*Asks:* 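Take a look at the following structure, please.
All figures in this text were calculated on a predicted structure; none of them were measured in a lab.
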Amino acid sequence: QVQLVESGGGLVQAGGSLRLSCEVSGRTFSRAVMGWFRQAPGKEREFVAAIRWNVWSGDSTSFADSVKGRFTISRDNAKNTVYLQMNSLKPEDTAVYYCAANGDFSRYYEASYYVYWGQGTQVTVSS
């Protein structure tokens with residue numbers, strides 16, 4: 001049974017940093033498309049970041065424009081864990097953040113293509 005468990009959320013002041021972790025159990029996702037999404041109250045779930053592996057260049061990362069330059073995504077295959085490092089946080093980053101696994105290589109930004117999801121972790125950024 002595949003499980004994704006997020007951790008690392010919390011309350012932080014604007015300008016601060018948080019690192020979210022997504023620990024995967026049940027199978028290995030070292031070459032799968034892994035993504036982070038977020039959902040703020042009253043809004044739809046939106047793409048944040050993805051990490052994708054290909055045979056020519058290994059892992060590559062992609063980000064939503066709203067977080068580009070502030071967030072990074074990485075994975076530790078030995079720990080079967082994906083990370084989202086969030087720097088220079090803004091109040092508009094406040095949301096529940098979800099980890100997702102086994103997305104589509106080309107449509108990595110579309111939530112509907114991901115097979116597995118975590119339960120989410122709350123991130124609140126105060127102004």
*Asks:* Identify whether Phe37 and Phe71 are in the same connected component of the hydrophobic contact network (ILVMFWY, side-chain heavy atoms under 4.5 Å).
*Replies:* no
*Asks:* Are the charged groups of Lys68 and Asp65 less than 4.0 angstrom apart, N to O?
*Replies:*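 Yes, this pair counts.
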*Asks:* Show your reasoning for whether side chain to side chain contact (heavy atoms under 4.5 Å, CB included) applies to Phe63 and Ile73.
*Replies:* CA-CA 9 Å; Phe63 300 92; Ile73 183 173; 3.8 Å; yes
*Asks:* May I have the list of side-chain donor-acceptor pairs in residues 117-127 shorter than 3.5 Å, sequence neighbours left out?
*Replies:*
| unit_1 | atom_1 | unit_2 | atom_2 | d |
| --- | --- | --- | --- | --- |
| Gln119 | NE2 | Glu6 | O | 3.4 |
| Gln119 | NE2 | Glu6 | OE1 | 3.4 |
| Thr121 | OG1 | Gly9 | N | 3.3 |
| Gln122 | NE2 | Ala95 | O | 3.4 |
| Gln122 | NE2 | Thr124 | OG1 | 3.3 |

*Asks:* Decide whether Leu18 and Tyr83 are clustered together by the hydrophobic rule: side chain heavy atoms of Ile, Leu, Val, Met, Phe, Trp, Tyr closer than 4.5 Å, transitively.
*Replies:*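 No, no single cluster joins them.
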*Asks:* Working to the nearest 0.5 Å, report the span between CZ of Arg52 and OG of Ser57.
*Replies:* 9.0 Å
*Asks:* With a 4.5 Å cut-off on side-chain heavy atoms, are Asn54 and Phe105 touching?
*Replies:* yes
*Asks:* Going by the salt bridge (Lys or Arg N to Asp or Glu O under 4.0 Å) test, which pairs reach into residues 73-88, not counting sequence neighbours?
*Replies:* Asp59-Arg75
*Asks:* Do Asp104 and Glu110 have side chains that get closer than 4.5 Å, going by heavy atoms?
*Replies:* no
*Asks:* Under the side chain to side chain contact (heavy atoms under 4.5 Å, CB included) criterion, do Phe29 and Val82 qualify, and how do the steps go?
*Replies:* CA-CA 10 Å; Phe29 285 96; Val82 179; over 6 Å; no
*Asks:* Has Asn80 got a side-chain atom pairing as donor or acceptor with Arg27's backbone, closer than 3.5 angstrom?
*Replies:*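 Yes, the answer is positive, given that a donor and an acceptor are paired below the 3.5 Å cut-off.
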*Asks:* Are Arg38 and Asp93 packed together at the side-chain level, in the sense that at least one heavy-atom pair is separated by less than 4.5 angstrom?
*Replies:* yes
*Asks:* Taking atom OG of Ser25 and atom CG of Leu4, what is their separation to the nearest 0.5 Å?
*Replies:*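 Here the interatomic distance stands at 7.5 Å.
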*Asks:* Given the rule that I, L, V, M, F, W and Y join up when any side-chain heavy atoms are under 4.5 Å apart, are Met34 and Tyr108 in one cluster?
*Replies:* no
*Asks:* With sequence neighbours excluded, what pairs up with Gln85 under the side chain to side chain contact (heavy atoms under 4.5 Å, CB included) test?
*Replies:* Ser17, Arg19, Thr72, Asn87
*Asks:* At their closest point, which heavy atom of Ser21 faces which heavy atom of Thr81, and how far apart are they?
*Replies:*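 So the minimum-distance heavy-atom pair works out to CB-CG2, 4.2 Å.
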*Asks:* Should Tyr114 and Tyr97 be counted in the same cluster of Ile, Leu, Val, Met, Phe, Trp and Tyr side chains packed under 4.5 Å apart?
*Replies:*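 No; tracing contacts between hydrophobic side chains, which count when under 4.5 Å, never links both residues.
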*Asks:* Is the closest side-chain heavy-atom distance between Val55 and Trp53 below 4.5 Å?
*Replies:* yes
*Asks:* According to a 4.5 Å side-chain heavy-atom criterion applied to Ile, Leu, Val, Met, Phe, Trp and Tyr, with indirect links allowed, do Val96 and Val12 form part of one hydrophobic cluster?
*Replies:* no
*Asks:* Glu23 and Ser7: side chain to side chain contact (heavy atoms under 4.5 Å, CB included), yes or no, with the steps?
*Replies:* CA-CA 8 Å; Glu23 185 172 356; Ser7 62; over 6 Å; no
*Asks:* Check whether any side-chain heavy atom of Cys22 lies under 4.5 Å from a side-chain heavy atom of Trp36, and answer yes or no.
*Replies:*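 Yes, at least one pair of side-chain atoms sits under 4.5 Å.
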